[in-house]
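What follows is a short report on a single structure.
The chain is numbered in sequence order, starting from 1.
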Amino acid sequence: MKGCKYGTHRVINENVLPQPAIKVNNDMNIYDNEVLINVSALNIDSASFTQIEEECNHDVEKIKSKILEIVNEKGKMQNPVTGSGGMLIGTIEKIGSELVDKIDLKVGDKVATLVSLSLTPLRIDEIIDIKPDIDRVEIKGKAVLFESGIYAKLPKDMEENLALAALDVAGAPAQTQKLVKEGDSVLILGAAGKSGMLCCYEARKKTGRKGKVIGLVIDDNQAQCLIENKLVDVAIIGDAKNPNDVLQKVLRVNKGKEVDLCINCVNVTNTEMSSILPVKDNGCVYFFSMATAFTKAALGAEGVGKDVTMIIGNGYTKGHAEVTLNALKESENLRKIFKNLYV
């Protein structure tokens with residue numbers, strides 16, 4: 001039997017796509033145009049994991065229970081508060097008859113899915129381990145990839161956990177590469193995080209000598225790391241929830257001028273105005289953070305009279321997996337940091 005390429009046949013009692021659906025069918029008997037994955041790990045979206053961790057008072061057993069509760073109730077890993085998911089890695093177990101020889105996958109391939117867990121039918125049989133420092137959940141389970149689902153085969157010349165860490169945020173550096181122009185001034189909020197560092201690297205490549213990349217971080221250690229590894233031109237320390245403070249610090253290091261582009265990579269709420277205020281009229285704000293409230297952003301920009309283009313953090317752009325993995329191959333400094341943190 002063939003299902004809808006976008007997975008609507010898995011939605012239960014609603015006429016919607018799988019991502020906004022309250023519940024999806026996570027029966028692992030696949031349709032002819034689906035792929036079955038034997039899952040080894042979930043990388044939970046940072047905003048989602050932070051919310052769950054805080055709700056569970058950082059208790060690992062409670063975090064496990066919460067994740068199981070969500071998946072059992074919804075048939076997918078979609079945080080009911082943030083609405084976001086994450087991604088997974090696993091091994092191809094079965095390919096539907098309609099897709100055999102039509103996609104570049106074969107049984108046994110190791111892959112990372114590049115579509116959100118918020119729409120992916122998932123069954124968790126056992127949670128083996130929780131790694132809160134890197135938002136990772138090691139499991140025994142299975143998942144379904146729809147015909148329209150995007151994925152990346154894990155590279156053989158790179159450690160699995162290193163590739164997973166980067167691919168988890170692949171949309172951010174690839175979108176940065178598209179948005180940044182030579183000579184731009186760029187502000188990156190959450191610059192010392194996983195997506196932030198990749199964005200810093202791509203932004204510095206594109207701005208050139210005449211541009212400037214400013215990274216906002218939360219402490220001296222993060223600032224020193226970014227400077228020492230040449231990921232930013234300037235690091236400023238501040239609270240991304242304090243827009244006036246962020247604005248003043250940006251103006252101080254940018255010759256009194258607002259920036260051309262701001263990229264928001266934080267994993268906490270209420271940072272919309274810190275992204276908007278420092279950007280000049282006709283500039284651009286890219287909200288990669290899934291903690292963004294887009295109503296706050298739209299009304300906030302209107303309220304302060306800012307004529308800026310605001311872009312939703314689409315986690316997909318063509319070639320984003322290649323862009324991200326190439327960044328780790330090109331930059332020895334970036335690769336060392338990611339290995340230290342995630343491998």
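- Between the Thr8 side chain and the Cys4 main chain, no donor and acceptor come within less than 3.5 Å of each other.
- Every pair passing salt bridge (charged side-chain N to carboxylate O under 4.0 Å, His left out) that includes a residue from residues 83-93 is listed here, sequence neighbours excluded: Glu93-Lys142.
- Tracing side-chain contacts under 4.5 Å through hydrophobic residues (I, L, V, M, F, W, Y), one never reaches Leu164 starting from Met290; they form parts of separate clusters.
- Residues forming a side-chain contact (heavy atoms from CB on, under 4.5 Å) with Lys230 (at least two apart in sequence, or on another chain): Arg204.
- With hydrophobic clusters built from ILVMFWY side chains whose heavy atoms lie under 4.5 angstrom apart, Leu68 shares a cluster with Met28.
- Here the CD atom belonging to Gln222 is positioned 9.0 Å from the CD1 atom belonging to Ile237, to the nearest 0.5 angstrom.
- A donor-acceptor pair shorter than 3.5 Å can be found between the side chains of Asn270 and Lys296.
- With a 4.5 Å cut-off on side-chain heavy atoms, Val111 and Leu154 do not count as touching.
- Rounded to the nearest 0.5 Å, atoms NZ (Lys206) and CG (Asp184) are 9.0 Å apart.
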**OP:** Give the C-alpha distance, both sets of side-chain angles, the deciding distance and a yes or no for salt bridge (Lys or Arg N to Asp or Glu O under 4.0 Å) between Lys74 and Glu69.
**Re:** CA-CA 8 Å; Lys74 298 179 74 66; Glu69 176 189 317; over 6 Å; no
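- Applying the side chain to side chain donor-acceptor pair (under 3.5 Å) criterion to Glu34, with sequence neighbours excluded, gives His9, Arg10.
- Residues Leu145 and Thr113 form a side-chain contact, since some pair of their non-hydrogen atoms from C-beta on lies under 4.5 Å apart.
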Original post:
Checking salt bridge (Lys or Arg N to Asp or Glu O under 4.0 Å) for the pair Lys23/Glu73: CA distance, chi angles, key distance, verdict?
Top reply: CA-CA 7 Å; Lys23 186 172 184 177; Glu73 183 176 320; over 6 Å; no
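- Within the cation-pi definition used here (under 6.0 Å to the ring centroid, within 45° of the axis), Lys194 does not qualify as a partner of Phe338.
- In this structure, Asp104 and Tyr151 have side chains that are in contact, with non-hydrogen atoms separated by less than 4.5 Å.
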Expected list for residues 94-103: side-chain donor-acceptor pairs under 3.5 angstrom, two or more places apart:
{"residue": "Lys102", "atom": "NZ", "partner": "Glu98", "partner atom": "O", "Å": "3.4"}

Could you tabulate the donor-acceptor pairs under 3.5 Å formed by side-chain atoms of residues 274-285, not counting sequence neighbours?
{"residue": "Ser274", "atom": "OG", "partner": "Ala240", "partner atom": "O", "Å": "2.7"}
{"residue": "Ser275", "atom": "OG", "partner": "Asn264", "partner atom": "ND2", "Å": "2.9"}
{"residue": "Ser275", "atom": "OG", "partner": "Thr271", "partner atom": "O", "Å": "3.1"}
{"residue": "Lys280", "atom": "NZ", "partner": "Asp260", "partner atom": "OD1", "Å": "2.4"}
{"residue": "Asp281", "atom": "OD1", "partner": "Asp307", "partner atom": "N", "Å": "3.1"}

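- Across Val259 and Ser185, no two heavy atoms sit closer than the pair CA-OG, 3.2 Å.
- For Val60 against Pro132, the heavy-atom pair with the smallest separation is CG2-CG, 4.3 Å.
- In summary, Glu182 and Lys210 do not engage in a salt bridge, as defined by a charged side-chain N under 4.0 Å from a carboxylate O.
- Counted within 6.0 Å of CG on Asn15, heavy atoms from surrounding residues, nucleotides or ligands total 12 or fewer; the atom is thus considered open.
- Across Glu53, Glu54, Glu55, a single residue satisfies side-chain hydrogen bond (donor to acceptor under 3.5 Å, both in side chains) together with Gln51, and that is Glu55.
- A search for salt bridge (Lys or Arg N to Asp or Glu O under 4.0 Å) contacts involving Glu61 returns Lys64, not counting sequence neighbours.
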Subject >> Check against side-chain contact (heavy atoms from CB on, under 4.5 Å), Val186 and Cys262 >> reply: CA-CA 6 Å; Val186 182; Cys262 176; over 6 Å; no
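- Salt-bridge annotation for Asp133 and Lys131: absent, with no side-chain N of the basic residue lying under 4.0 Å from a carboxylate O of the acidic one.
- Residues Val144 and Ile30 have side chains in contact (heavy-atom distance under 4.5 Å, counting atoms from C-beta outward).
- Note on Ile134: it does not cluster hydrophobically with Val268, by side-chain heavy-atom contacts below 4.5 Å among ILVMFWY residues.
- Contact between Val266 and Gly190 at its shortest, heavy atoms only, is CG1-N, 3.7 Å.
- A salt bridge links Glu332 with Lys336; the closest basic N to acidic carboxylate O contact falls under 4.0 Å.
- Clustering ILVMFWY residues whenever any of their side-chain heavy atoms sit less than 4.5 angstrom apart, transitively, puts Val71 in a cluster other than the one holding Val11.
- Thr91 is not listed as a side-chain neighbour of Asp109, based on a closest heavy-atom distance of 4.5 Å or more.
- Only one option out of Val253, Val213, Asn254, Leu226 pairs with Val234 in a side chain to side chain contact (heavy atoms under 4.5 Å, CB included); it is Val253.
- When the side chain to side chain donor-acceptor pair (under 3.5 Å) test is applied to Lys257, no partner is found at least two apart in sequence or on another chain.
- In this structure, the separation between CD1 on Ile130 and CG on Asp59 is 10.5 Å, given to the nearest 0.5 Å.
- Minimum interatomic distance between Pro18 and Val24 (heavy atoms only, all atoms of both residues): O-CG1, 4.0 Å.
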**OP:** Determine, step by step, whether Glu159 and Tyr342 satisfy the side chain to side chain donor-acceptor pair (under 3.5 Å) criterion, reporting the C-alpha distance in whole Å, the side-chain angles of both residues, the deciding distance to 0.1 Å, and the verdict.
**Re:** CA-CA 10 Å; Glu159 294 95 328; Tyr342 304 113; over 6 Å; no
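- Val81 belongs to no hydrophobic cluster with other residues, because no ILVMFWY side-chain heavy atom falls under 4.5 Å from its own, directly or through intermediates.
- Listed by chain and number, the hydrophobic cluster partners of Tyr31 are Met1, where partners are ILVMFWY side chains within reach of under 4.5 Å, directly or through others.
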Original post:
Under the side-chain contact (heavy atoms from CB on, under 4.5 Å) criterion, do Glu330 and Lys205 qualify, and how do the steps go?
Top reply: CA-CA 11 Å; Glu330 292 170 359; Lys205 279 172 59 178; 3.0 Å; yes
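- Counting only residues at least two apart or on different chains, no ring-ring contact (aromatic ring centres under 6.0 Å, His included) pair has a member in residues 254-301.
- Ile128 and Ile124 end up in different hydrophobic clusters when Ile, Leu, Val, Met, Phe, Trp and Tyr side chains are linked at under 4.5 Å.
- Between Glu202 and Val323 the shortest side-chain heavy-atom distance falls below 4.5 Å.
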**OP:** Apply salt bridge (Lys or Arg N to Asp or Glu O under 4.0 Å) to Arg123 and Asp27, showing your working.
**Re:** CA-CA 8 Å; Arg123 189 188 77 206; Asp27 184 326; over 6 Å; no
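- When the shell of 6.0 Å around CD1 of Ile22 is examined, it contains 12 or fewer heavy atoms from other residues, nucleotides or ligands.
- Summarising the geometry of Asp245 relative to Asp239, their closest heavy-atom pair is OD2-N, 4.4 Å, with the distance given to 0.1 Å.
- Annotation for Ala166 and Thr324: closest pair O-CG2, 3.4 Å, computed over non-hydrogen atoms.
- Partners of Asp45 by side chain to side chain donor-acceptor pair (under 3.5 Å), not counting sequence neighbours, listed by chain and number: Ser84.
- Note: Tyr201 OH to Asn333 CG = 9.5 Å, rounded to the nearest 0.5 Å.
- Side-chain contact between Glu147 and Tyr6 is absent, with no heavy atoms from C-beta onward closer than 4.5 Å.
- Contact check for Lys212 versus Ile214: side-chain heavy atoms found under the 4.5 Å cut-off.
- For Lys178, the side chain to side chain donor-acceptor pair (under 3.5 Å) partners at least two apart in sequence or on another chain are Thr317.
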